[in-house]
Novice: 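I have a structure I would like to understand better, so I am pasting it below and will then ask my questions one at a time.
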There are 2 protein chains.
Amino acid sequence: MKEGPDIARVAALLGDPARANMLTALMGGRALTASELATEAGVTAQTASSHLAKLQDGQIVLARKQGRHRYFTLSDPDIVEVLEALMGIAQRTGHNRLRTGPKDPALRRARVCYDHLAGEMGVVLFDSLLARKYVIVAPEGTGLSNAGVAFVRDLGIDLESLRQSRRPLCRECLDWSARRSHLAGALGAALLDHFYAQGWARREKGSRVVLFSPAGEKRFNDICQI
Amino acid sequence: MKEGPDIARVAALLGDPARANMLTALMGGRALTASELATEAGVTAQTASSHLAKLQDGQIVLARKQGRHRYFTLSDPDIVEVLEALMGIAQRTGHNRLRTGPKDPALRRARVCYDHLAGEMGVVLFDSLLARKYVIVAPEGTGLSNAGVAFVRDLGIDLESLRQSRRPLCRECLDWSARRSHLAGALGAALLDHFYAQGWARREKGSRVVLFSPAGEKRFNDICQI
DNA sequence: TTCATCCTTCGATGCTAATCGAAGCATTCC
DNA sequence: GGAATGCTTCGATTAGCATCGAAGGATGAA
């Protein structure tokens, strides 16, 4: 009644179906325009505009104007985490809007969580990095060991430029489908980019699914090998 | 639009002020009756009953009938985590319902997060356990090292009975005030109980604040000493 | 049994907010 | 310049839901 931050205002922002659809779409990581989000949410442009104003006011999304378009992104990694956590609860309590189809297993297998890899393959990757002590979880924050630095360099990823961003290099993100953590942060994003660049995987159009080619999956398993 | 669990239903449940007040009260960890929750939320018993039915239906809370009372608790550690995470966002975006008073600093210092210690002191405790490698964060779950087992035994805590519960022994929980993790799980709860039992600390009545006595804080610092 | 307490159900009310049509800016394209 | 596109503002409508009064079970106390 009297102490603590006000959950209700934030939760109410996420609690409208149209807004939730928009946010789920933004979990795909690409910046989307107001009209794309309107389509995703299944509402008209006017309605979407009103919703987006509220989300922006509540600092859930960021807007960037470019030409006559306005591109929206999620404002903060914490938002991404809360959304994934909410998905976990929704899932467990049987509130899913899945039309059970081929998408469902594929989503669990490998999907984009904003800009990094989630799903079973994301968890496998994270676990293998932890098991080899390439990634260390410490009180002052998760980070790379010396061996981890070498591993990332060997993959051909430019660590220096990653370190220059204000974004934390490594970050845990709880996975709603696997109920385990996967790797987020600048490195998480860079690894997924690497998979794309090497042609191991690509995004399925219009969804969060990440499709690995047979050869790509083999290479992926190789680098996860302990 | 078509894939992934339905965030909106869950978030909407948390997004009503009355329900959010109830849930915040339940973060105190004690089971509360329907009428207590009505008072916390500032609504009549009828209204509270309707809200509680929804929360129960959505599997956010559990009800246990005892005599003519119905006691409610949060249903799941994941719910606790989501609530704390939402508090973090609400806080950062300046949506707090704090009447800035002495409570605020005290809440940041030490408070109950369901049934374990949170706030600065909770974070200090967790960090010190990690630094001494008493608690190990591993892919297959957070756990106690042999040294950690000895440490806990020395405190006079019965580990065997803790292990017998289905609840995980160690668990990380993100702290909204410190933006760092503190220790949850059966051990987290047992440690806080220990602090109470030793007379080092007590609950402030009607709030989540944990008050350490000067002597108790000294003892607490001793056991956190590396 | 009778009364009191705790909680729920029912029904009515009222408010909030989502929605969309229509119109108005802003920007880009031709 | 004019037309087209992307987005926002305004206003009116509507639906959903929180709220509470009144009444009805259930449990425990006397």
Side-chain angles (χ1 to χ4, degrees), chain A residues 1 6-26 30-73 75 95 97, chain B residues 1 6-26 30-73 75 90 93 95 97:
Chain A
M1 180 81 171
D6 185 8
I7 299 177
R9 281 170 78 169
V10 180
L13 280 176
L14 315 181
D16 174 81
R19 286 194 291 265
N21 284 336
M22 293 179 174
L23 294 172
T24 305
L26 287 174
R30 283 186 22 237
L32 298 174
T33 66
S35 25
E36 286 172 321
L37 288 169
T39 309
E40 282 291 335
V43 295
T44 60
Q46 310 93 290
T47 308
S49 178
S50 144
H51 285 307
L52 288 168
K54 284 173 192 176
L55 288 174
Q56 198 180 359
D57 185 57
Q59 302 185 45
I60 308 292
V61 301
L62 291 180
R64 180 166 37 90
K65 198 167 181 176
Q66 194 166 317
R68 51 185 166 185
H69 295 276
R70 279 187 79 200
Y71 283 93
F72 291 88
T73 53
S75 68
H95 291 156
R97 1 164 250 179
Chain B
M1 180 86 169
D6 185 7
I7 300 177
R9 281 174 69 175
V10 179
L13 279 176
L14 316 181
D16 174 80
R19 285 193 292 264
N21 283 336
M22 293 178 175
L23 294 172
T24 307
L26 288 174
R30 284 187 20 240
L32 298 175
T33 66
S35 25
E36 286 173 323
L37 289 169
T39 310
E40 282 292 334
V43 294
T44 60
Q46 311 92 292
T47 308
S49 178
S50 145
H51 285 307
L52 288 168
K54 284 173 192 176
L55 287 174
Q56 199 182 358
D57 185 58
Q59 301 185 43
I60 308 293
V61 301
L62 290 180
R64 178 166 40 89
K65 198 165 181 177
Q66 194 165 318
R68 50 186 166 184
H69 295 275
R70 280 186 78 201
Y71 283 93
F72 291 88
T73 52
S75 69
T93 56
H95 289 155
R97 1 162 251 178

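Letters A, B, ... mirror the listed sequences (proteins, then strands); counts begin at 1.
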Novice: Can you measure from CG (A:Asp57) to NZ (A:Lys54) and round to the nearest 0.5 angstrom?
Specialist: 10.0 Å
Novice: Output all residues satisfying side chain to side chain contact (heavy atoms under 4.5 Å, CB included) with B:Ser35, sequence neighbours left out; order by chain, then residue number.
Specialist: B:Thr33
Novice: According to side chain to side chain contact (heavy atoms under 4.5 Å, CB included), who are the partners of A:Ala53, at least two apart in sequence or on a separate chain?
Specialist: none
Novice: Describe the nucleic acid contact of B:Ala48 in one word from base, sugar-phosphate, nothing, applying a heavy-atom distance below 4.0 Å.
Specialist: nothing
Novice: Find the bend of the helix from C:dT1-D:dA30 to C:dC30-D:dG1 as the angle between its two terminal axes (five pairs each), to the nearest 10°.
Specialist: 20°
Novice: Distance check needed: D:dC7 C1' versus A:Leu55 CG, whole Å only.
Specialist: 16 Å
Novice: May I ask you to verify if any side-chain N or O of A:Ser35 is less than 4.0 angstrom from the OP1 or OP2 atom of D:dG6?
Specialist: no
Novice: The side chain of A:Ser49 is closest to which nucleotide in this list: D:dT8, D:dT19, D:dA22?
Specialist: D:dT8
Novice: Using a heavy-atom cut-off of 4.0 Å across all strands, would you classify A:Ala45 as base, sugar-phosphate, or nothing?
Specialist: base
Novice: Using a cut-off of 4.0 Å on non-hydrogen atoms, how would the nucleic acid contact of B:Ala53 be classed: base, sugar-phosphate, or nothing?
Specialist: nothing
Novice: Rounding to a whole Å, what distance do you find between A:Gln46:CD and D:dC7:P?
Specialist: 12 Å
Novice: In whole angstrom, give the distance that lies between atom CG of A:Leu37 and atom P of D:dT8.
Specialist: 11 Å
Novice: Listed in order of residue number, which residues of residues 65-72 of chain B have a non-hydrogen atom at under 4.0 Å from DNA chain C?
Specialist: B:Arg68, B:His69, B:Arg70
Novice: How close or far is atom P of D:dA18 from atom CG of B:Leu14, stated in whole angstroms?
Specialist: 13 Å
Novice: Restricting to non-hydrogen atoms, name the atom on A:Leu13 and the atom on A:Arg19 that form the minimum distance, rounded to 0.1 Å.
Specialist: O-NE, 2.7 Å
Novice: Is the phosphate of D:dC20 approached by B:Thr44 (side-chain N or O, under 4.0 Å from OP1 or OP2)?
Specialist: yes
Novice: In whole Å, what is the span from the CZ atom of B:Arg9 to the P atom of D:dG16?
Specialist: 15 Å
Novice: Roughly how many Å is it from CG in A:Asp57 to P in D:dT9, rounded to a whole number?
Specialist: 12 Å
Novice: What distance separates A:Leu37 CG from A:Asn21 CG, expressed to the nearest 0.5 Å?
Specialist: 10.5 Å
Novice: Can you give the first and last nucleotides of DNA chain C, 5' to 3', that have an atom under 4.0 Å from a heavy atom of chain B?
Specialist: C:dA4 to C:dT9
Novice: Which residues satisfy the side chain to side chain contact (heavy atoms under 4.5 Å, CB included) test with A:Ala31, sequence neighbours excluded?
Specialist: A:Arg64, A:Tyr71, A:Thr73
Novice: Roughly how far, to the nearest 0.5 Å, is the NE2 atom of A:His51 from the CD1 atom of A:Ile60?
Specialist: 14.0 Å
Novice: Measure the spacing between CG of A:Leu52 and CZ of A:Phe72 and express it to the nearest 0.5 Å.
Specialist: 4.0 Å
